[in-house]
Visitor: 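Quick one: this structure, given as structure tokens, is what I'll be asking you about.
Below, chains carry the letters A, B, ... as their sequence lines are ordered, and counting in each starts from 1. Given the structure is predicted, the values throughout are model-derived calculations rather than measurements.
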2 protein chains.
Amino acid sequence: MKLSTRGRYGTRLMLQLAANYGKDEPLPLTEIARREEISVKYLEQLIIPLKAAGLIESRRGAHGGYVLAKAPDEITIGQILQILEGNISPVPCVKDPSFCIKYETCNTRKLWETMDKAIIQSVCDVTLKDALSA
Amino acid sequence: MKLSTRGRYGTRLMLQLAANYGKDEPLPLTEIARREEISVKYLEQLIIPLKAAGLIESRRGAHGGYVLAKAPDEITIGQILQILEGNISPVPCVKDPSFCIKYETCNTRKLWETMDKAIIQSVCDVTLKDALSA
DNA sequence: ATTTATCCTTCTGGTTTGATAGGAAAAATG
DNA sequence: CATTTTTCCTATCAAACCAGAAGGATAAAT
Ligand code: FES
Ligand code: FES
């Protein structure tokens, strides 16, 4: 039940961008890497899907970098995790019934659905803005 | 953020034992394996730590098998997962501060702690008895 | 032209997962 | 006592996943 470094580093990355939101200059990965002590090369990989999902915009070249595509209170931690970790539900069958052979007669599914809802609520209710001010 | 088969199969195993609770005969793994369509060999591995933790008692030899060591309403799903999956918190640093270098200045820890509490509550409030009657 | 950056693809060592295999020890049965 | 049934114990293994490094192409500013 561990969150991988993708989700954890990605959230830290997004918080840095959130802190920089509204400023003139975009924030380059080199700076984020320095502040968070994560390699640029690894951050590059994480930022690709975040950009593809439309959460981030980029500017290339010198004085380039990244900026949030939306305000910090319009992006939730749940969205970030969903993008970087894939489906975060504890068992696949919650989203994909064909995953479990004994789906029909399963007496544990209700359990995992309860767990799933608790997890989703705990991260989808929180925006970057909330996390920054906390 | 997936629960592994250890936690999922183990919970199903424990639910079978809970359903058998109070009966004269212990339930052998061959029978559980047949009902749940999981190999006996794999179930054997899962049941070792459950027994070591005192949740289960065994009787060897013919007509042997397993019985719950406590009533179904005294065993929670959280206990089972803790035993089979290890620490179920989404990030290790919640339990072990030395895990994260930037522990002191981390701005995401509060987030994961919230998530952790939500997960724990969703499984520790539920007993085998609850899960059976649900 | 040089520098600073994003962008894109690939590779790899290490760990975890999900089992299977083979047999030893104990208890009931005939 | 021999057989069967069952738990008990240890080892092995393929596949998947994780964390990250490497190498270079492209674009913009100076
Ligand atoms: S249906 Fe998927 S765990 Fe039961
Ligand atoms: S201290 Fe562990 S994630 Fe921040």
Visitor: Could you check how far CD of Glu85(B) sits from P of dT17(C), rounded to whole Å?
Guide: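 To the nearest whole Å, that distance equals 8 Å.
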Visitor: How long is the line joining CZ of Arg34(A) and C1' of dA5(C), in whole Å?
Guide: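 Those two atoms, CZ and C1', are 16 Å apart.
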Visitor: Is there a side-chain contact between Gln16(A) and Leu43(A) in this structure, where contact means two heavy atoms from C-beta onward sitting under 4.5 Å apart?
Guide: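 Not touching, per the 4.5 Å side-chain cut-off.
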Visitor: Look at the side-chain N and O atoms of Tyr9(B) and state whether any lies under 4.0 Å from the OP1 or OP2 oxygen of dA19(C).
Guide: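 Tyr9(B) to dA19(C) OP1/OP2: side-chain N or O found under 4.0 Å.
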Visitor: Taking only Lys NZ, Arg NE, NH1 and NH2, and the carboxylate oxygens of Asp or Glu, determine whether Glu31(B) and Arg34(B) approach each other closer than 4.0 Å.
Guide: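 Between Arg34(B) and Glu31(B) there is a salt bridge, with a charged N closer than 4.0 Å to a carboxylate O.
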Visitor: Are Pro49(A) and Leu84(A) side-chain neighbours, meaning at least one heavy-atom pair lies under 4.5 Å?
Guide: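 A side-chain contact exists here, since the closest heavy-atom pair is under 4.5 Å.
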Visitor: Nearest to the Ile48(A) side chain among dT29(C), dT17(C), dT9(C), which nucleotide is it?
Guide: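 Side chain of Ile48(A) sits closest to dT9(C).
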Visitor: Round to the nearest Å and state the distance from Leu3(B) atom CG to dG18(C) atom C1'.
Guide: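 Leu3(B) atom CG is separated from dG18(C) atom C1' by 14 Å.
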Visitor: Quick check: are there more than 12 heavy atoms from other residues, nucleotides or ligands sitting under 6.0 Å from CD of Gln121(A)?
Guide: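 Counting other residues, nucleotides and ligands, CD of Gln121(A) stays at 12 neighbours or fewer.
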Visitor: What is the distance, to the nearest angstrom, from the CD1 atom on Ile88(B) to the P atom on dT16(C)?
Guide: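 The answer, rounded to whole Å, is 18 Å.
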Visitor: Select from His63(A) and Ser58(A) the residue whose nearest nucleotide in DNA chain C is closer to the 5' end of that strand.
Guide: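 Checking each residue's closest nucleotide, the 5'-ward one belongs to His63(A).
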Visitor: Nearest-Å distance, CZ (Arg8(B)) to P (dT17(C))?
Guide: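 In whole Å, dT17(C) P lies 12 Å from Arg8(B) CZ.
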Visitor: Is it true that a side-chain atom of Arg12(B) and a backbone atom of Glu36(B) form a donor plus acceptor pair closer than 3.5 Å?
Guide: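 At least one qualifying donor-acceptor pair exists.
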Visitor: Can we say Glu113(A) and Lys110(A) salt-bridge, meaning some charged N sits less than 4.0 Å from an Asp/Glu carboxylate O?
Guide: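 So Glu113(A) does not pair with Lys110(A) through a salt bridge.
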Visitor: Provide, to the nearest angstrom, the distance between the CD atom belonging to Glu31(A) and the P atom belonging to dT6(C).
Guide: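 Going from Glu31(A) (CD) to dT6(C) (P), I get 11 Å.
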Visitor: Tell me the interatomic distance from Leu43(A), atom CG, to dC8(C), atom P, rounded to whole angstroms.
Guide: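 Whole-Å distance recorded here is 17 Å.
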Visitor: Could you check whether Ile47(B) gets within reach of a base, just the sugar-phosphate, or nothing at all, counting any heavy atom under 4.0 Å?
Guide: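 It contacts nothing in the nucleic acid.
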Visitor: Assign Lys51(B) to base, sugar-phosphate, or nothing according to its heavy-atom contacts below 4.0 angstrom with the strands shown.
Guide: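 Answer is sugar-phosphate: Lys51(B) comes under 4.0 Å of backbone atoms only.
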Visitor: Check nucleotides 20-23 of chain C against the protein and report each pair of N or O atoms closer than 3.5 Å, with its distance, or say if there are none.
Guide:
from	atom 1	to	atom 2	distance (Å)
dT20(C)	OP2	Ser39(B)	OG	2.9
dT20(C)	O4	Gln45(B)	NE2	2.3
dG22(C)	N7	Lys41(B)	NZ	3.4
dG22(C)	O6	Lys41(B)	NZ	2.4
dG23(C)	O6	Lys41(B)	NZ	3.0

Visitor: Distance check needed: dT4(C) C1' versus Tyr66(A) OH, whole Å only.
Guide: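 These atoms are roughly 13 Å apart.
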Visitor: side-chain contact (heavy atoms from CB on, under 4.5 Å) between Ile38(A) and Leu46(A): does it pass, once the steps are laid out?
Guide: CA-CA 11 Å; Ile38(A) 303 169; Leu46(A) 304 187; 5.9 Å; no
Visitor: Please check if the side chain of Lys2(A) supplies one atom and the backbone of Asn87(B) the other of a donor-acceptor pair under 3.5 Å.
Guide: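 Judged by distance alone, yes, a pair lies under 3.5 Å.
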Visitor: Enumerate, atom names and distances included, each donor-acceptor pair closer than 3.5 Å involving a side-chain atom of residues 127-134 of chain A, sequence neighbours excluded.
Guide:
from	atom 1	to	atom 2	distance (Å)
Thr127(A)	OG1	Lys129(A)	N	3.3
Thr127(A)	OG1	Asp130(A)	N	3.1
Thr127(A)	OG1	Asp130(A)	OD2	3.1
Asp130(A)	OD2	Thr127(A)	N	2.9
Ser133(A)	OG	Lys129(A)	O	3.2
Ser133(A)	OG	Asp130(A)	O	3.2

Visitor: Walking along DNA chain D from 5' to 3', note the first and the last nucleotide with an atom under 4.0 Å from a heavy atom of chain B, and give both.
Guide: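 Here the contact window of chain B covers dT5(D) to dA11(D).
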Visitor: Would you mind telling me which residue lines up with the more 5' stretch of DNA chain D, Ala62(B) or Gly61(A), judged by nearest nucleotide?
Guide: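 The 5'-side residue here is Ala62(B).
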